[in-house]
Chemist: 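Structure below; questions to follow.
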Amino acid sequence: MVILFNHIKPRVSFYLFFIFVRIVNFIKSEPMSYNKVLDLLGDQADDLLGHKCETVSKDQIHLPGPDFIDRVYYHSNRNPRVLANLSRLFNHGRLGGTGYLSILPIDQGMEHSGGASFAPNPIYFDPENIIKLAMEGGANGVASTFGVMAATARKYAHKIPYIVKINHNELLTYPNKYDQVLFGSVDEAFNLGAVAVGATIYFGSPESSRQIVEISEAFERAHELGMATILWCYTRNNAFKTKEDDYHTAADLTGQANHIGVTIQADIIKQKLPTTNGGFTALKFGKTHEKMYSELTSDHPIDLTRYQVINNYMGRIGLINSGGASKGETDLKDAVATAVINKRAGGTGLITGRKAFQKPMKDGVEILNAIQDVYLANEIDIA
């Protein structure tokens, strides 16, 4: 094909080749059909795609869309540089310009140990392959550690939006403890060319008060420098897991974690998909109201996730749900189901790591593209 173009005038050849590449890329990234989504969902299809939310109606929510930055973020106190970097994030990748996000996060080398994370696919010990997966997979951005970003910044920070994760739970202390500690400064993330910083707070943990103060100050500095902020709003307390259920992913507890997260001015909230409810009542702590359970939620996963969305100031701050651990053969189906739940609940997208990087790169790209295809499908609407 290149030889063919060499027989044409140089300028014409360049433009023809450019058009050819664009056509090939379009064909390669053509969204999967709605029927394929139905096939993947299988017996879940009717329940997830046919559900109508009878709790908080979608007309009360600030829904994602191409104009979200102008319609919602613009009216906040975010300065023009923050808005510009949010725009870079929202306008990159296959979902660029839709108002939805598909982010690749690979910080598990710190959170779960490098060996445990990358043994299934050792190429990701090399941080350049992390960036390549995000780019090949059409992600809006890539989130990882200071080390990963520093090792690749000059080559890639101008090619795909960088999100530097500034704190981690290191796993080598024995016996294990669960505490998020800062691994670098916001200014260092800025110098690496990041459009945003990410951080985790373990709400409910003994260390949460310190973490709230640390990350509040870090987010204030990030906004001063013009970077956006993403908060991993995780709950963590041994008492949250009982013989009956694991309330770390209860809608009421995670919803309140989100509500604290938006209060410290996170621009995007990352949260685990809710799997249950009634954490406050089962554990007999906190403040509740009966309508939290009777009117604002139900036991349907879309309604449980909508409760997370409404705690994000009714969607003024985007909710991205995490993709969860890799389970092997069901990863593609599970990823599509999670994307459908998030989208139909009024969420802003998915942040998926292990399902993508703990397998061959082409399969990881397929997972990321399948998630994106849910948000590109007009047939999948807001419940």
Side-chain angles (χ1 to χ4, degrees), residues 47-48 51-64 72 75-76 200-209 211-213 215-216 219 230-322 338 340-348 382-383:
D47 184 46
L48 294 183
H51 178 73
K52 182 179 179 181
C53 186
E54 303 288 352
T55 56
V56 177
S57 63
K58 62 183 179 182
D59 60 359
Q60 298 182 57
I61 300 172
H62 300 273
L63 295 172
V72 180
H75 300 285
S76 71
T200 298
I201 293 177
Y202 282 154
F203 293 103
S205 71
E207 300 82 14
S208 63
S209 294
Q211 293 168 15
I212 290 170
V213 173
I215 302 308
S216 296
F219 280 8
I230 303 176
L231 186 63
W232 279 236
C233 282
Y234 288 168
T235 62
R236 180 61 62 87
N237 191 303
N238 289 336
F240 290 176
K241 187 174 184 178
T242 70
K243 293 180 180 178
E244 291 73 32
D245 212 340
D246 186 351
Y247 294 103
H248 285 99
T249 52
D252 55 351
L253 297 190
T254 56
Q256 182 59 24
N258 288 9
H259 201 66
I260 300 172
V262 296
T263 299
I264 67 172
Q265 299 188 70
D267 298 314
I268 298 165
I269 296 292
K270 178 193 177 188
Q271 185 55 268
K272 295 179 181 180
L273 202 69
T275 60
T276 188
N277 206 357
F280 281 128
T281 55
L283 301 172
K284 297 181 173 58
F285 88 109
K287 300 290 185 181
T288 65
H289 191 288
E290 61 178 348
K291 289 186 177 181
M292 289 167 57
Y293 310 103
S294 63
E295 295 185 16
L296 298 183
T297 54
S298 76
D299 59 0
H300 195 282
I302 292 174
D303 293 344
L304 293 173
T305 307
R306 178 152 297 180
Y307 186 74
Q308 292 181 340
V309 172
I310 69 174
N311 274 282
N312 284 25
Y313 294 154
M314 281 292 186
R316 286 182 181 271
I317 301 300
L319 170 71
I320 54 177
N321 287 119
S322 55
T338 303
V340 169
I341 291 169
N342 173 273
K343 181 180 181 180
R344 300 208 69 222
T348 300
I382 311 299

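Scope of the values below: all heavy atoms of this structure, side chains included, with no hydrogens, waters or symmetry mates.
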Chemist: Nearest 0.5 angstrom please: K343 NZ to I382 CD1, how far?
Modeler: 6.5 Å
Chemist: Does a sphere of radius 6.0 Å around CG in N238 hold more than 12 heavy atoms from other residues, nucleotides or ligands, not counting ones at 6.0 Å or beyond?
Modeler: no
Chemist: Is there a donor-acceptor pair closer than 3.5 Å between any side-chain N or O of T249 and the backbone N or O of L273?
Modeler: no
Chemist: Nearest 0.5 Å please: distance from the CH2 atom of W232 over to the CD1 atom of I215.
Modeler: 11.0 Å
Chemist: A side-chain contact here means heavy atoms from C-beta on lying under 4.5 Å apart; do Y307 and M292 qualify?
Modeler: yes
Chemist: What pair of heavy atoms forms the shortest contact from G279 to A250, and how long is it?
Modeler: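 Minimum heavy-atom separation between G279 and A250: N-CB, 4.0 Å.
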Chemist: Indicate the atoms forming the closest heavy-atom contact of S216 with I264, along with that distance.
Modeler: OG-CG2, 3.2 Å
Chemist: Check the pair Y293, T281 against side-chain contact (heavy atoms from CB on, under 4.5 Å), reporting the backbone distance first and the verdict last.
Modeler: CA-CA 10 Å; Y293 310 103; T281 55; 3.9 Å; yes
Chemist: Taking only residues two or more places apart in sequence or in another chain, which ones pass side-chain contact (heavy atoms from CB on, under 4.5 Å) with E207?
Modeler: D179, S205, R210, Q211
Chemist: Under the criterion side-chain contact (heavy atoms from CB on, under 4.5 Å), I'd like the reasoning laid out for R306 against I61: C-alpha separation, chi angles, the key distance, then a yes or no.
Modeler: CA-CA 9 Å; R306 178 152 297 180; I61 300 172; 3.5 Å; yes
Chemist: Return the minimal non-hydrogen interatomic distance between S322 and K270, and the atom names on each side.
Modeler: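 For S322 and K270, the tightest heavy-atom pair comes out as CB-CE, 3.5 Å.
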Chemist: Would you call the rings of H300 and H51 parallel, tilted or perpendicular, where under 30° means parallel and over 60° means perpendicular?
Modeler: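 Ring orientation of H300 relative to H51: parallel.
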Chemist: Enter the distance from I302:CD1 to L48:CG here, rounded to the nearest 0.5 Å.
Modeler: 5.5 Å
Chemist: Between N311 (side chain) and N258 (backbone), is there a donor-acceptor pair under 3.5 Å?
Modeler: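 Absent.
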Chemist: Could you give me the CA-CA distance, side-chain angles and deciding distance for F203 and Y234, then say whether ring-ring contact (aromatic ring centres under 6.0 Å, His included) is met?
Modeler: CA-CA 6 Å; F203 293 103; Y234 288 168; 9.7 Å; no
Chemist: If I take atom CG from residue L304 and atom CD1 from residue I341, how far apart are they, to the nearest 0.5 angstrom?
Modeler: 9.0 Å
Chemist: Going by salt bridge (Lys or Arg N to Asp or Glu O under 4.0 Å), name the residues that satisfy it together with D267, two or more places apart in sequence or in a different chain.
Modeler: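 For D267 the salt bridge (Lys or Arg N to Asp or Glu O under 4.0 Å) partners, ignoring immediate neighbours, are R78.
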Chemist: As an exercise, state the distance from CG of L231 to OG1 of T263, rounded to the nearest 0.5 Å.
Modeler: 11.0 Å
Chemist: Between I201 and I212, is the side-chain contact (heavy atoms from CB on, under 4.5 Å) condition met? List the steps.
Modeler: CA-CA 7 Å; I201 293 177; I212 290 170; 4.1 Å; yes
Chemist: With a 3.5 Å cut-off and no angle check, do the side chains of N312 and Q271 form a donor-acceptor pair?
Modeler: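 On atom types as modelled, these side chains do not qualify, holding no pair under 3.5 Å.
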Chemist: Quick one: list whatever passes side-chain contact (heavy atoms from CB on, under 4.5 Å) with D245, sequence neighbours left out.
Modeler: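 Listed in chain order: Y247, T276.
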Chemist: At what distance, to the nearest 0.5 angstrom, does CD1 of I310 lie from OG1 of T305?
Modeler: 11.5 Å
Chemist: Decide if atom CG of D47 counts as having more than 12 heavy atoms of other residues, nucleotides or ligands within a radius under 6.0 Å.
Modeler: yes
Chemist: Measuring only between side-chain heavy atoms, which start at C-beta, is V56 closer than 4.5 Å to M314?
Modeler: yes
Chemist: For the pair R236 (side chain) and H248 (backbone), establish whether a donor and an acceptor sit closer than 3.5 Å, ignoring hydrogens and angles.
Modeler: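 No, because the side chain of R236 does not come within donor-acceptor range (under 3.5 Å) of the backbone of H248.
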Chemist: Taking all atoms of both residues into account, what is the closest heavy-atom pair of P64 and G347, and its distance?
Modeler: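 Shortest heavy-atom separation between P64 and G347 comes out as CG-O, 3.2 Å.
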Chemist: Please check this pair: side chain of D303 against backbone of L296, looking for a donor-acceptor N/O pair closer than 3.5 Å.
Modeler: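 No, the answer is negative, given that no donor and acceptor are paired below the 3.5 Å cut-off.
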Chemist: Do D246 and T275 make a side-chain contact, defined as non-hydrogen atoms from C-beta onward lying under 4.5 Å apart?
Modeler: no
